[in-house]
Each structure stands twice: as C-alpha cells, then as structure tokens.
Enquirer: 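Attaching a single structure in structure tokens format; questions to follow.
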There are 2 protein chains.
Amino acid sequence: MEAIDTYNLTKNQDIFREYLQFGLSVDCVVFGYQQGQIKVLLVERDMEPFKGNWALIGDLVHPKEDLRESASRVLTSLTGLTNIFMEQFHTFGTQDRHPIGRVVTVGYYSLVRSKDYHPIASSWAKSTKWVNIHELPELAFDHDNILTKGVETLKKSVRRRPVGFELLPTKFTLLELQALYEAILGYKFDKPNFRKKILAMDLLVPLEEMQSNVSHRPARLYKFDLARYEGLKKQGFVFEL
Amino acid sequence: MEAIDTYNLTKNQDIFREYLQFGLSVDCVVFGYQQGQIKVLLVERDMEPFKGNWALIGDLVHPKEDLRESASRVLTSLTGLTNIFMEQFHTFGTQDRHPIGRVVTVGYYSLVRSKDYHPIASSWAKSTKWVNIHELPELAFDHDNILTKGVETLKKSVRRRPVGFELLPTKFTLLELQALYEAILGYKFDKPNFRKKILAMDLLVPLEEMQSNVSHRPARLYKFDLARYEGLKKQGFVFEL
DNA sequence: TCAAAAGTGTTCCGAATACACCCATGC
DNA sequence: GCATGGGTGTATTCGGAACACTTTTGA
C-alpha cells in the first residue's frame, strides 16, 4: 500500500476530503470512592444504538474545541463540577467500534469526591449510577475495553502519584487513606508501616480536628499539602506507594 | 453549551456529518541507539507546509485501518522492518495544530535496533536522519511537543519494563546495557551494583561467546530471555530499574 | 469493663550503596 | 609493562515487613 503524505494535501483537496471523515469523541472513566469501594460513573442510554445499555459518559468533540476542553465539558455538564482531576490515558480507534461510522475516541479518567457530586439531568442520559468496578453490567460499544484500560491506568498511577487524595474529602484520617489504597490496589497494607511511610513523605498536614461520634478512640484528621508536593516534585521527589 | 449525544445520530445525519470532519493521523517517535546516544528518526519534508523542515514520521490513517495498524504501516514503509516494538503514548488534538484542517494525531513511540534499520526511499520524505534527542532542529507542526512527550514516556517506561533490550543488538555485554540505560536516563549507575541487580532478575542468558578484538579483557555476551520474562510477569514479577 | 479502632515502638531482614580490588587483553 | 575496560567481593546503611503493645473513645 502506498503511503499518503500526512500533512500536505493542499494541492489535492479531493484526497484530503476523503481522509477527513473521522468522528472524534471523548469518553470519561469517572472514579469515585463510596462505602469503601471504588466505583465508576455510568449513564443509561436513552436512544439507539445500545438503548437501555449502560455506557461511560462521553460526547463528540466539537469542531472548535480542544480534546481536554471537550472532556472537561462532558464532565462539567454531567456533574456540575469544575476543576476535576482528569488525565488522558489511551485512544481507541478500531474501525468497527462504532456502528454508525468511523469514530475514534480518546479516553480520559478522572477522580471526583463523591460528596461533591450531584448528577445533572441531561438530554442524552436517562439515568446515572455509580457501579463497583467489579460488578459491571454489560456496556455499550467498546466501553468495557475502555473501562478496563482506565482501571489499569488508575492502578499504575495511584502508586506513583498521590492521586488517591482526589477521591477523599479534603479532611481524612490515615486509615481512610489506607482503605482507599487497599480498595484500588486490591491488597492490604500493614497499618503501622503505612502510617510511617506516608507520614515520612511529609505531604500530609495534621489538623487539630479529630473524628467525633465514633465508638472508639477518635482519629486525627489530615489534609494533603498540595503546594508542598509541587515543590518537592520539582526537586526530583517521586511519590511512591 | 448543550451536549450533543455522542453515539446516536442516526436520526440526524446532518448533525452527524458536521461532526465527521476530523482528520486522523499517527506520528511515530522512533528511537535508536548509536554511538552511545539515544537518537530519534526524522524526515525532511519535501512539500508545503513546513517544506524543508524536519518532522516525525507519520501519516494519515486510512479509512479502513486500525490505529495500531496504521502506525505499523508507517514504520514498515519507511524502515522495511516488521515486528518492531511500538506503543501508543498520547493523542494530540488542539484545534490549530494543523494548518490545513482539524487533524488529530495519535503518538506512538517505537524502538529499533539501529543495525537492522535501512531507510527506504519514499514519496513523502526527501531524506531521513537520526538526531540526538538533545540536539534537535526545529520541527514541523507540533512535533516538538510530541517528541518531548515521547521522550518522557520512554524515560518512565524504561525503568519499569525491559524496553531497553529492544534497542541493543540481540547479543550484548552488561556494560553496553548499562551505557544504554545511562544514555536514556541521563545519570550513571555503579557498575558492580548494576550487574548484580540485572543478573539477579534472571532475565539474561549468558552466552559462550565473548567480545573479540578489544584491547582489554573481553566481555561476556548475553541475550535477553523473553520467554522467561513473560513467564515471570504472569507470576506478578515487575522489572524495575 | 469491654469492644474497636487509633496510634507507637522495636526487631529483623534484605536490598541498595559505596568502594576496593583482581583479571584478561592489545599494544 | 601499562592502559583499559571486565568482573568480583564485602562492609555498611537504609528502608520495608512483621508484629507486639499502649491509648482513647462510646456503649
């Protein structure tokens, strides 16, 4: 097969037009943390194809819109939240992934604090729900694929970057943090060792505030020191585990 | 701004057509290792726009072609090589990245053994060359961006996965391997410790063969045991450093 | 006083680091 | 012999794993 010049088609608009036939969308794997479980936000489709099926939230990219902007719009329009952690992880572009035409989709994953989230009614979603990532219904299109890859990405990045903090309320106890990591990674940590390690990084600020109304010794609350993290990162520090 | 239903436009082909206006391309950051340096393969553009500028190798994705397939085709058509290591790393889609229209590009990076590589004449490339990643000429389009991100990706993945082996000839000495890692990461390793660590992983097979015609004690040659690596990986082993 | 979780300290082990040193070859 | 890189051994340090123990609250 002969290669087509990637970038010079001015002189041959016909060929160019032939190649300008792709649809582009973004799909977001939105993670939340509830009842000790990592969950993902799904929407129920209200139209064909895949009517009644559950799907990731996503939309076609507008012609005058950057990718990230588009993903951000999708998230905001459905959750009402702005400034959400969001990162591109993979692009899916097999020919047959969309029944209507050639649509390539860019996958983003994002992390939201469940308490901040209040779903917004939308023309394109019948309903939404949070689903445990191990108890998924069948998903529309190739969204199973996308979701699987998104979960893999989360698992990898969570040990290398303090993304875990995005899922908790701003004030949290060390055991809550530990439980979050355990939920994502699927294995247990030793409590004393986890504490030591995480505190040794000096990224957490102990607050005066304590838990209340718990039938056991109340735990100290901490918050994440983002500014300090940014500073350390510049000096070559890498968060790990 | 109102969200458009991502996936159901059957009933509204006009709107759908409006959104099916994207061009899609792949660009490959091809790494090679020569004279102790990590280099990247560039082509000199022979047409406008950016005529005379250097660029990454890439092409528009054909309508009936998967993404990976497309990247593979680009590589093979230019290098004659098949079965090259190749991995998607990021998708670039700002509106203005291509002067002719809205073209989104998917970035792949790949690793080739320089000795195997023999450039193939092509209609779309005037000439090609290997360039040290720290002495780059100005690049066409947003290829500087893409390249920077590709180098970052290589640096990250090289410590976590034995990608380094793809760049060396099949038989190599431990110091060659060490030098490769040093070139990629930009810092030195302690020789005894590097040896111990890499040998302890049990991924290298010592060969009977030795270096010859060197004016010092000849080093033993090793080869990478891919089968063993795949096996260990299944048992949860992670290559590191 | 008891359950339940918060929180601390200590020991042990293995891996990473830092070196010092010897070996084989070409010239 | 000597320069050059190949290759080995060891002492030390540091961080992680394991685990025992004390503390504080509500009921």
Enquirer: Within this structure, what is the CZ-to-C1' distance between A/R159 and D/dG16, rounded to whole angstrom?
Expert: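 Checked: the CZ to C1' distance equals 12 Å.
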
Enquirer: Quick one: which of D/dA18, D/dT25, D/dG6 gets closest to the side chain of B/K191?
Expert: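 Selected nucleotide (nearest to the side chain): D/dG6.
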
Enquirer: Would you say a side-chain N or O of B/R220 is under 4.0 Å from OP1 or OP2 of D/dG7?
Expert: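 Negative; the distance criterion is not met.
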
Enquirer: From the set D/dG9, D/dC19, D/dG5, return the single nucleotide nearest to any side-chain atom of A/P192.
Expert: D/dC19

Enquirer: Provide, to the nearest angstrom, the distance between the CD atom belonging to B/E176 and the C1' atom belonging to D/dG6.
Expert: 12 Å

Enquirer: Any base atoms under 4.0 Å from A/L174, or only sugar-phosphate, or nothing? Heavy atoms, all strands.
Expert: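 Since no nucleic acid heavy atom lies under 4.0 Å of A/L174, the category is nothing.
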
Enquirer: Rounded to the nearest 0.5 Å, how far apart are NZ of A/K171 and CD of A/E209?
Expert: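 Atom-to-atom, A/K171:NZ and A/E209:CD are 3.5 Å apart.
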
Enquirer: Give the rounded distance in Å between these two atoms: CZ of A/R195 and P of D/dA17.
Expert: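 These atoms are roughly 17 Å apart.
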
Enquirer: Name the residue closer to the 5' end of DNA chain C, choosing between A/S215 and A/Q211 according to the nucleotide with the nearest heavy atom.
Expert: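 Its nearest nucleotide being more 5', the pick is A/S215.
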
Enquirer: How many Å lie between CE on A/M201 and P on D/dG15, as a whole number?
Expert: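 That distance rounds to 12 Å.
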
Enquirer: Output yes when at least one side-chain N/O atom of A/R217 is less than 4.0 Å from OP1 or OP2 of C/dA5, else no.
Expert: no

Enquirer: Classify the side chain of B/D190 versus the base of C/dA16 as yes if they form a donor-acceptor pair under 3.5 Å and no if they do not.
Expert: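 Looking at the base of C/dA16, it does not pair with any donor or acceptor on the side chain of B/D190 (distance under 3.5 Å).
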
Enquirer: Starting at atom CG of A/L175, determine the distance to atom P of D/dT25, rounded to an integer number of angstrom.
Expert: 17 Å

Enquirer: Between C1' on D/dG5 and CZ on B/F194, what's the gap in Å once rounded to a whole number?
Expert: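 Between C1' of D/dG5 and CZ of B/F194: 16 Å.
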
Enquirer: Are A/E230 and A/K233 close enough for a salt bridge, meaning some N to O gap below 4.0 Å?
Expert: yes

Enquirer: Using atom CD of B/Q178 as one end and atom P of C/dT17 as the other, report the distance to the nearest whole Å.
Expert: 13 Å

Enquirer: Of the candidate nucleotides C/dG26, C/dA24, D/dT25, which contains the atom at the shortest distance from the side chain of A/P218?
Expert: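 Taking heavy atoms from C-beta onward, the closest nucleotide is D/dT25.
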
Enquirer: Please report, rounded to the nearest Å, how far the P atom of C/dA5 is from the CZ atom of A/F172.
Expert: 20 Å

Enquirer: Should the pair B/R161-B/E87 be classified as a salt bridge under the 4.0 Å nitrogen-to-oxygen rule?
Expert: yes

Enquirer: Is the distance between the ring centroids of B/F172 and B/F224 under 6.0 Å?
Expert: no

Enquirer: What's the closest nucleotide to the A/K197 side chain, out of C/dA16, D/dG16, C/dA5?
Expert: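 Closest nucleotide among those given: D/dG16.
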
Enquirer: Can we say B/K129 and B/E135 salt-bridge, meaning some charged N sits less than 4.0 Å from an Asp/Glu carboxylate O?
Expert: no

Enquirer: If you assign A/V214 and B/N193 each to the DNA chain D nucleotide with the nearest heavy atom, which residue ends up on the more 5' nucleotide?
Expert: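 Closest to the 5' end, via its nearest nucleotide, is B/N193.
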
Enquirer: Is any N or O donor-acceptor pair between the side chain of B/K196 and the base of D/dT10 shorter than 3.5 Å?
Expert: yes

